[in-house]
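See structure below.
Letters A, B, ... mirror the listed sequences (proteins, then strands); counts begin at 1.
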Amino acid sequence: MNKRLQLAVRNAVCTNCRMSNQAEGDDVCVTGQGPNGARVVIVTKFPIGPRSRKELSGFLADADWPDVDNVMWCSAIKCRSWGMDPNKTDMKACRPYLDEELNFVKPEYVLCIGGEALFAATGRAGIMKYRGKLFTHASGATVMATIAPGMVARNPRFRDGFIADLRYFRNLASGIVTDQDPYHTPGERQTTVATKAVLRSLLAALDASGVVSYDVETTGAGEYESGAAIVSLSLTTAATSMATAHVWKIPLFHPQSPWRRQWQRILAIIARYLYKVKRRIAHNAKFDTRWLRTFGMPELTPTFDTIIAAALLDENRVKGLKPLAQQLLGADPWGIDTKNLLITPIDEVLDYNGLDTWHTLRLYFMFREQLKAQPRIGRLFIYLMMPLVQELVNVEQRGVYVDREVLATNHNIARQTLADVREQLMEWVPPREEWPPNIKDVNFNASNFARWWLFEHLGLPVMARGKTKDDGSPGAPSMAEAIMLELAELHEVGKLMGEHALWFKRCSAFFESYEALLDENSRIHTTFKPWGTVTGRLSSGKEDEEKLTARGHVKGVNLQQVPRDPLLRGVFGAPPGSSFVEADYSQIELRIAAFLAREQTMLHLYASGQDIHMAMAMRMTGKPASRVTKEERKRAKAVNFGFLYGMGWHKFVMTAWSNYQLRVTEEESRAFRTSFFDQFPMLPAWHAKQRRLAHKFGRVMTPMGRVRHLPDIESPIPDVRAEAERQAINSPVQGFASDMAALSMVFVARKFRKLGLTAHPIGTVHDAVNFEIPNDELRIALPIIKDTMETLPLERLFGVVLDVPIVADIKVGTHWGLARELSIDEVYDWQAA
DNA sequence: AGTCAGCGCGCG
DNA sequence: AAAGCGCGCGCTGACT
């Protein structure tokens with residue numbers, strides 16, 4: 001400890017927090033360590049010891065900060081204790097000491113490592129929100145926070161950002177001009193477009209530009225909702241490099257904007273010039289493109305999406321613009337509270353908006369080079385991902401048609417059923433006087449009420465518990481459906497609780513969301529993220545911006561998880577005069593696995609048109625094919641995929657029970673698994689090969705060249721390593737299959753357009769593509785869909801010769817869940833029935 | 001009023 | 001020792 005600081009601040013008999021009870025002698029109230037006159041204070045969670053000092057020194061060295069001599073090390077919690085985590089009360093109790101320390105040391109800069117340090121120095125909580133932002137402490141010091149090294153240890157993807165934060169702080173504290181890069185900030189190279197004369201300059205600049213990046217700030221709600229508006233637009237134009245880059249900031253709907261009354265007209269004027277710029281770049285381009293298309297730029301199409309490039313080049317990294325710019329370009333952190341931009345001063349909005357396009361353009365030039373250097377990734381970007389983004393703009397903008405009548409009817413059925421179940425459950429609920437005092441309301445979800453009621457009041461046995469709590473106490477009794485099913489054997493409420501869970505979810509997660517999100521054209525809009533998964537699948541749900549609206553809770557619709565029940569899927573349909581067409585790749589992952597593994601038995605089965613899932617279902621149920629139900633085949637599918645991707649005998653015991661009510665012993669389970677691999681003898685060799693490749697290269701690849709990096713493959717922890725090995729087996733299959741589905745959507749849509757059809761895709765569900773097709777176009781459209789999906793130009797575009805038959809099954813109907821599967825003859829010779 | 005983790009479950 | 005993979009969402013209960 002620093003003697004002078006110790007004398008000034010330390011309270012050796014402090015008992016304000018729980019840590020102090022555990023600490024003795026020197027470990028109570030440990031004040032800062034370091035030289036007098038230190039200009040920099042680093043605040044850690046606990047008083048720093050040799051081990052964490054060494055760990056931090058490693059990170060600091062990586063951030064080009066090897067010399068940390070003139071630093072005072074202080075802590076948020078001043079007592080050294082073991083195995084104890086401070087809560088908010090402890091942190092509050094200790095805060096005054098840090099304040100005193102900072103007032104005494106009077107450093108110029110303070111770096112907070114982790115959330116506790118952030119709180120101690122600034123009183124703010126939320127490290128992910130505040131990291132990288134600058135604060136001023138009462139002592140006059142400039143304070144910046146970053147994440148804790150522990151977070152990097154748990155999740156290596158935070159590493160680069162952590163180092164970038166440290167480097168930024170080092171530069172800040174040492175007064176180094178933060179970057180040699182002349183494009184570190186736009187500086188003078190920016191203009192606010194607030195007069196007609198400047199607007200004309202912008203148009204001239206667009207006319208002369210070869211590349212432009214664009215970004216909008218919005219009112220927050222979906223662009224299809226009433227009241228939606230674009231607050232401001234930013235464009236960064238350039239000829240062919242950053243040397244000629246210039247930021248244009250255009251106020252639009254903001255109250256202080258000169259264009260507020262005619263903002264859409266301004267967009268329309270700019271549109272014609274923007275279209276003509278050859279390369280149009282945005283970060284998460286679908287979002288900005290949809291908004292701009294809706295409000296005056298109907299023909300805008302992005303040519304390069306930096307978020308897609310970022311994800312293709314490294315699927316594991318954080319993909320937001322800010323972290324990328326900070327990590328890859330050394331950009332200074334920037335940001336404002338985007339929750340209500342209309343009450344944020346216009347200059348703040350514009351500067352923020354401008355930095356977004358400035359750094360987007362810088363990322364563009366960087367990623368373009370990286371894609372050129374990795375031609376296979378580059379081809380995926382050009383021939384698959386950008387066309388996909390362009391098509392998804394159409395898909396998201398259009399939305400999916402909802403049959404209001406069916407929605408109302410089915411929602412009513414669900415509501416009524418839920419009410420009935422609830423009424424029956426209520427018969428078993430005792431009067432309120434008998435409840436424990438801490439329980440306020442009846443709640444049949446996994447609540448304290450339900451747990452007390454089932455396991456104490458009704459005295460039903462606890463079959464399983466949730467995760468053990470941090471303090472070592474046992475987890476809460478499990479309320480999972482499988483447990484309720486077991487309880488049903490003992491008490492009728494078990495069955496009712498299962499039904500309650502089912503209908504509650506149907507009402508709240510599905511029907512209520514649908515009604516809330518329906519637009520005036522009876523359509524629901526969802527968002528697809530082609531960068532949302534590590535394997536290359538699309539994820540689907542709420543737009544990130546929509547999660548932040550100040551209007552309260554916005555429900556989300558994930559069109560990839562609509563229950564396979566006509567009551568729910570039947571809500572989605574085609575408008576009158578059109579049909580809902582679902583095109584499914586049949587057993588695509590299994591076919592791809594057969595192809596990748598060169599599994600001769602599987603290849604032969606597919607060559608002769610057989611069904612592997614059915615074979616498993618027959619073995620599981622002991623029934624002949626004719627008597628196996630659809631449901632049983634579906635369960636068999638789960639078993640096949642389980643074994644294919646590395647499921648052990650242990651889990652199979654559970655699968656067999658929960659799927660088939662089949663009691664399987666350990667020996668039987670092992671035998672079953674063995675016989676699966678005996679049946680397909682090349683699979684184990686393929687598994688071994690994938691593991692070997694992952695260990696050798698740290699990554700695996702799909703046939704089209706999509707990469708999955710597996711840093712955990714080097715982990716010293718066997719569980720973690722084994723998980724990476726299973727991912728090495730799964731990823732190429734899952735990734736290839738989803739790329740095929742995405743590519744087929746792009747190609748089918750392209751052919752529809754070429755033929756002047758109004759038929760269009762609605763979205764993908766991993767291995768299926770859904771379409772909305774006018775009835776008089778079905779005759780032309782159906783064969784196009786089937787042919788395109790089964791014969792994608794994989795060899796021409798990606799050099800892949802796929803020698804396993806690919807089959808697309810086509811279903812047609814008025815509504816999603818009610819579609820009927822067509823025979824091949826019907827697909828190729830459609831007669832409207 | 002908002003945020004978070006844990007759980008359970010919807011889909012492929 | 002323990003072992004399918006990939007997602008998003010709503011709810012609860014804890015916190016500020």
Under 4.0 angstrom, heavy atoms only, what part of the nucleic acid is [X] near: base, sugar-phosphate, or nothing?
X	result
A:Glu725	nothing
A:Gln734	base
A:Val557	nothing
A:Arg569	sugar-phosphate
A:Glu589	nothing
A:Arg708	sugar-phosphate
A:Ser540	sugar-phosphate

*asked:* Ring-plane angle category for A:His687 and A:Phe677, please: parallel below 30°, perpendicular beyond 60°, tilted otherwise.
replied: perpendicular
*Measure the acute angle between the ring planes of A:Phe449 and A:Trp453, then classify it against the limits of 30° and 60° as parallel, tilted or perpendicular.*
parallel
*Nearest-Å distance once atom P is located in both B:dC9 and C:dA2*: 23 Å
*If you check every side-chain atom of A:Thr535, which of B:dG12, C:dG6, C:dG8 has the closest atom?*
C:dG6
_Side-chain H-bond candidate by donor/acceptor type, A:Arg591 with A:Ser586, under 3.5 Å_ = yes
*Think A:Arg619 forms a cation-pi with A:Phe672, using NZ or CZ under 6.0 Å from the six-ring centre and within 45 degrees of its axis?*
yes
*Test side chain to side chain contact (heavy atoms under 4.5 Å, CB included) on A:Glu666 and A:Val653 and set out the steps.*
CA-CA 7 Å; A:Glu666 179 181 327; A:Val653 172; 5.7 Å; no
Could I get a table of every N or O pair under 3.5 Å where one atom is in the protein and the other is in nucleotides 1-3 of chain C?
none

*Does any donor-acceptor pair link the side chain of A:Arg564 with the base of B:dG10 at a separation under 3.5 Å?*
no
*Has the side chain of A:Gln560 got a donor or acceptor that lies under 3.5 Å from a partner of the other kind on the base of C:dC7?*
no
_Tell me if a side-chain donor or acceptor on A:Gln690 pairs with a main-chain N or O of A:Glu725 at a distance below 3.5 Å._
no
*To the nearest 0.5 Å, what is the distance between CD1 (A:Ile308) and NZ (A:Lys319)?*
10.0 Å
